[in-house]
2 protein chains.
Amino acid sequence: MWNLFHTAVALGKWWIAISTIYKVAQKAGVSVATVSRALNDSGYVSREAKDRVLEAARELDYHMNVNARSLTCGKTYTIALVLPDIGNPFFPAVARGAEDYASDNGYCVILCNTDGNLRKESDYLKMLRSRKVDGVIFAVSVASRSSLNALADDGIAVVLVDRDLGDSYDIVKTDNIAGAMLATNHLIGLGHTRIAFISGPMPLATSRERLRGYCDALASKGIPFDERLVTEGDFRMESGHRAMQALLANSRSGDGVEFTAVFAANDMMAAGTMTALEEEGLRVPADVAVVGYDDINIASVMRPRLSTIAQPKYEMGWIAAETVTRRMSEPDGPRLEEVLQPVLVVRDSTVERRCASV
Amino acid sequence: MWNLFHTAVALGKWWIAISTIYKVAQKAGVSVATVSRALNDSGYVSREAKDRVLEAARELDYHMNVNARSLTCGKTYTIALVLPDIGNPFFPAVARGAEDYASDNGYCVILCNTDGNLRKESDYLKMLRSRKVDGVIFAVSVASRSSLNALADDGIAVVLVDRDLGDSYDIVKTDNIAGAMLATNHLIGLGHTRIAFISGPMPLATSRERLRGYCDALASKGIPFDERLVTEGDFRMESGHRAMQALLANSRSGDGVEFTAVFAANDMMAAGTMTALEEEGLRVPADVAVVGYDDINIASVMRPRLSTIAQPKYEMGWIAAETVTRRMSEPDGPRLEEVLQPVLVVRDSTVERRCASV
DNA sequence: TTGTAAGCGTTATCAG
DNA sequence: CTGATAACGCTTACAA
């Protein structure tokens with residue numbers, strides 16, 4: 001009963017009286033146990049008691065303290081979304097999908113930006129353990145297996161998105177090999193045989209898979225792989241710009257490393273690439289065709305409009321959230337692996353527009 | 001001491017033993033109070049005791065349960081970021097700024113997307129009360145004063161970002177009137193007198209301020225305001241597209257509503273505008289000059305590159321987070337109002353490139 | 001300097 | 001169907 005007297009907390013302006021089940025119980029003339037049952041309709045509560053409780057709760061503008069609840073029932077209804085950088089246009093869509101699923105199901109989501117930095121990743125993971133989140137959706141960059149395992153050992157459900165890590169955890173991704181093959185084959189189909197590739201950071205499985213798809217496509221058509229045609233970027237626009245400059249310099253040195261098309265491992269790098277091309281007076285797609293990856297919403301506003309491999313970003317986030325909740329309720333189930341299919345979107349950067357507006 | 005026996009929780013796979021201060025206390029041979037003091041270095045703890053505690057904590061891989069802590073000390077170290085849609089390119093940068101400040105200061109951030117929908121806004125606000133977040137950074141669309149007040153009454157610090165609501169709450173924004181004047185004057189300086197305006201949703205203060213800036217600039221140059229030249233959009237690309245189509249149809253009806261320039265209240269609508277223009281065979285900037293607002297990262301990859309009003313988005317988020325923490329520690333301080341200055345970025349959509357690459 | 005114990009707001013067990 | 005009451009994990013007087 002102490003609660004009743006302590007709930008008027010001195011706090012700046014005046015004092016705030018946050019209502020608790022004790023107050024509700026008092027007002028309704030029942031015990032806290034009854035209040036709890038009534039509010040969560042669990043156990044038996046007489047119709048009449050329930051009404052009184054609900055009425056009292058409303059009058060007092062009662063709002064449950066979910067932190068207190070999570071203390072007793074061991075669930076926080078919180079999931080974390082840990083990704084490299086929400087500023088990278090690929091992620092907001094994923095985040096949106098995850099958040100939508102989460103909030104539809106009573107969870108709220110904590111946002112963490114790691115910048116692909118090991119230190120930040122493990123700091124966040126540690127923090128999330130302290131917060132006792134129920135699950136983590138993780139676009140890993142470099143986290144060590146052990147920090148992930150620590151989470152799992154704490155009973156936290158973890159699912160990876162977009163970036164795989166072997167076979168340890170549930171994963172929601174798209175088929176990057178297939179996607180890269182789609183892109184490369186599209187270029188080959190257009191008659192290109194000298195196709196440059198600007199890859200993502202090689203430590204990422206995602207990047208390696210796309211490189212793999214590029215190589216496989218080449219091989220399947222009997223086109224020799226020329227490693228001088230591939231450059232590594234970091235998924236950011238500027239790196240695509242630099243990569244293209246390097247490729248161009250190389251090409252002009254006259255060592256036989258010319259190319260007529262480029263496949264960039266994501267749209268941002270493709271954008272940088274196109275800028276570099278333009279700066280050198282080269283025209284897309286006339287002189288060099290370019291295809292990107294992701295189909296971020298601005299791919300269609302670039303000029304020429306960017307041909308790219310579309311990933312179902314929103315769905316990835318949504319499904320990741322769904323998967324993480326499933327994992328929570330079934331910690332021992334078999335590993336969940338959701339591999340979505342990317343699709344080729346042909347626009348103007350690989351094919352001249354039928355009716356040029358010029 | 002019950003705690004000691006209950007910490008081995010049966011949970012699926014096997015069982016997980018999450019360590020608590022009780023375990024640490026036991027292992028270190030001290031009381032929980034001492035553990036608490038040692039871990040938070042508060043109060044007196046002998047050097048020796050402290051070492052033993054720290055050692056034990058490390059061996060047990062102890063992680064504090066912050067939810068339990070917040071129950072006793074009334075602080076959750078959580079702030080919420082409530083915005084219309086993280087998918088709208090303007091917001092990720094703001095979010096990033098807020099998250100960076102927050103995590104640097106020991107807070108974590110909950111992400112909420114409202115879609116500018118009253119129902120979602122108030123549901124989230126209610127949820128955040130239950131979660132006892134310490135503060136809320138809110139890009140309001142339509143929330144009623146009363147739901148905001150309910151938060152404040154609960155002792156939750158609230159600061160608005162980007163979108164103001166009168167004078168009730170702390171706010172971090174940019175000077176929209178000045179920004180719109182910058183844009184309009186730029187166009188006027190280029191010799192345009194027939195300038196169309198595609199506004200944001202009029203219920204938003206932000207939109208009204210930009211319209212105001214547009215009008216003021218016109219007026220200051222003695223250019224008559226023609227309401228047939230302003231159309232309302234919703235900040236999304238598609239609405240900019242539609243708005244321009246309407247403007248064009250109008251213009252062609254020959255009623256004297258021609259224009260040679262457009263100012264769109266954000267970059268996404270500017271993008272839609274440019275597409276519509278292109279579809280009609282009009283050239284930017286030769287036939288129609290266009291300027292946007294926000295300077296989202298892709299403004300520079302559009303072709304022609306978009307002239308726009310840059311807002312310090314990251315800083316807005318950062319400062320909003322800083323402001324909300326300040327408000328927490330000083331609930332009674334005077335209203336905080338941070339008005340940042342936007343800057344004009346001139347690119348190719350208003351001025352022909354010096355050296356065309358064609 | 002340390003330990004005991006009350007209290008934070010809920011849920012859940014177990015007698016009535 | 002209802003009410004005490006222990007327990008959740010931690011902090012903090014208050015004693016010792």
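These values consider heavy atoms only, across backbone and side chains, with no hydrogens, waters or symmetry-generated copies. Below, chain A is the first sequence line, B the second, and so on; all start at residue 1.
- Side-chain N or O atoms of Arg335(B) include one that pairs as donor or acceptor with a backbone N or O of Tyr169(B) at under 3.5 Å.
- You'll find the side chain of Lys27(A) reaches within 4.5 Å of the side chain of Leu60(A), heavy atoms only.
- Distance, Leu71(A) CG to dC8(D) C1': 4 Å, rounded to whole Å.
- By the 4.0 Å N-to-carboxylate-O rule, Glu55(A) lies too far from Arg52(A) to be salt-bridged with it.
- In this structure, Gln26(A) places its CD atom 16 Å from C1' of dG3(D), rounding to the nearest Å.
- One interatomic measurement links the two molecules: NZ of Lys50(B) to P of dT2(C), which rounds to 11 Å at whole-angstrom precision.
- Atom CG of Leu60(A) is separated from atom P of dG9(C) by 14 Å (rounded to the nearest Å).
- For Lys120(B), the side-chain hydrogen bond (donor to acceptor under 3.5 Å, both in side chains) criterion is met by Asp115(B), not counting sequence neighbours.
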Check: Quick one: what's the B/S/- string for nucleotides 10-16 of chain D, heavy-atom cutoff under 4.0 Å, read 5' to 3'?
Finding: BBBB---
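- At whole-Å resolution of the value, OH in Tyr44(A) and P in dT11(C) are 19 Å apart.
- The CD1 atom of Ile18(A) sits 19 Å away from the P atom of dG7(C) (whole-angstrom rounding).
- Although no hydrogens or angles enter the test, the distance criterion places no donor-acceptor pair under 3.5 Å between the side chain of Glu99(B) and the main chain of Val109(B).
- In this structure, CG of Leu39(A) is placed 13 Å from P of dA12(C), rounded to the nearest angstrom.
- For the atom pair Lys132(B) NZ and Ile156(B) CD1, the distance stands at 7.0 Å (nearest 0.5 Å).
- Atom-to-atom, CZ of Arg47(B) to C1' of dT2(C) comes out at 18 Å; the value is rounded to the nearest Å.
- If you check dT2(D), dC8(C), dG3(C) against the side chain of Ser31(B), the one that comes closest is dG3(C).
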